[in-house]
Amino acid sequence: MNSRKEGVSGEELAIEYLKKRGLKVVEQNVRMTVGEIDVVCYDGDVLVFVEVKTRSTLAFGDPLEAIDRRKVQKYRKMAEEYIIRRRLFDKDVRFDAVGIVGDSINYVPDAF
C-alpha cells in the first residue's frame, strides 16, 4: 500500500476509534495556510485537534516519534488559524495524537 492510501486508511481507523471514545468528529483533512489538520473534533466542550501518524510496520520506528518539535509548532499555528477563521475564541483546546501500526492504535490525549 502506498503511503497516501496508508495515511487515509489510518485516518479512517483513527476517526472510528475517536467516535467510539465519545469524541464528535466535525472535520478532517482541513487545509490551512501552512499545512493540513488531520482531524478536528470535540470532546464535550473541548475543541480537539488530532494528528494521525500511520505506519505499516515498526521498521522505521513508532509513528508517534515522527511528531517532533517542528511538527508541534506547525500544528499549533494551524490550530490558531482554524480558531481565528471560525471565531472559536471561547473554546478550550487540546492536541491529541493517534499512532497506527497495522491494526494497532495508540491514542494519546493531550499529547502536546
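Values below: every heavy atom of this structure, side chains too, minus hydrogens, waters and symmetry copies. The structure presented is a predicted model; accordingly, all values stated were derived computationally and were not measured. When a residue number appears, it is its place in the shown sequence, counting from 1.
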Verify the ring-centre separation between Y107 and Y17: is it less than 6.0 angstrom?
yes
Closest heavy-atom pair, A97 versus I67, reported as atoms and distance to 0.1 Å, is CB-CD1, 3.8 Å
With sequence neighbours left out, the residues meeting side chain to side chain contact (heavy atoms under 4.5 Å, CB included) with L58 are P63, V101
When hydrophobic residues are tied together by side-chain contacts of less than 4.5 Å, even through go-betweens, does F112 share a cluster with I37?
yes
Show, in sequence, the C-alpha distance, side-chain angles and deciding distance for E27 and V39, and conclude whether the side chain to side chain contact (heavy atoms under 4.5 Å, CB included) test is met.
CA-CA 6 Å; E27 292 188 74; V39 182; over 6 Å; no
Nearest-0.5 Å distance that lies between atom CG in D103 and atom OG in S9
8.5 Å
Short N-O contact, R85 and E81, less than 4.0 angstrom
yes
Is NZ or CZ of R86 both nearer than 6.0 Å to the six-membered ring centre of Y82 and within 45° of the ring axis?
yes
Take N106 and V108 through the test side chain to side chain contact (heavy atoms under 4.5 Å, CB included) and record every step on the way to the result.
CA-CA 7 Å; N106 183 10; V108 182; 4.0 Å; yes
Rounded to the nearest 0.5 Å, how far apart are CD of E16 and CD of E11?
13.0 Å
Name all residues meeting the salt bridge (Lys or Arg N to Asp or Glu O under 4.0 Å) criterion together with R76; count only those two or more places apart in sequence or in a different chain, and write none if there are none.
none
Should the pair D92-R94 be classified as a salt bridge under the 4.0 Å nitrogen-to-oxygen rule?
no
Separation between OG1 (T33) and CE (M78), nearest 0.5 Å, reads 10.5 Å
Separation between NZ of K19 and NZ of K24, rounded to the nearest 0.5 Å
11.0 Å
Working to the nearest 0.5 Å, report the span between NZ of K20 and CD1 of I105.
8.0 Å
Indicate if V26 and L18 have the same hydrophobic cluster label, given that clusters are the connected sets of ILVMFWY residues with side-chain heavy-atom separations under 4.5 angstrom.
no
So, does K74 use its side chain to make a donor-acceptor pair with the main chain of G35 at under 3.5 Å?
no
Between Q28 and E12, is any side-chain donor less than 3.5 angstrom from a side-chain acceptor?
yes
With a 4.5 Å cut-off on side-chain heavy atoms, are L88 and L47 touching?
yes
Crowding at CD, E80 (>12 non-hydrogen neighbours, <6.0 Å)
no
Can you pull the side chain to side chain donor-acceptor pair (under 3.5 Å) pairs that have at least one residue in residues 64-73, sequence neighbours excluded?
E51-K71
In the single-linkage hydrophobic clustering (I, L, V, M, F, W, Y; side-chain heavy atoms under 4.5 Å), do F60 and V98 co-cluster?
no
Please step through side chain to side chain contact (heavy atoms under 4.5 Å, CB included) for the pair V50 and C41, ending with a clear verdict.
CA-CA 8 Å; V50 184; C41 51; 3.9 Å; yes
Start with the C-alpha distance between I84 and F89, add both sets of side-chain angles, then the distance that settles side chain to side chain contact (heavy atoms under 4.5 Å, CB included), and finish with yes or no.
CA-CA 7 Å; I84 291 168; F89 306 113; 4.1 Å; yes
Answer yes when K91 and D45 have at least one side-chain N-carboxylate O distance shorter than 4.0 Å, and no when they do not.
no
Closer than 3.5 angstrom, by distance alone: can the side chain of D43 be matched with the main-chain N or O of L23 as a donor-acceptor pair?
no
Answer with yes or no whether the hydrophobic clustering places V72 together with V30; edges join I, L, V, M, F, W, Y residues whose side-chain heavy atoms lie under 4.5 Å apart.
yes
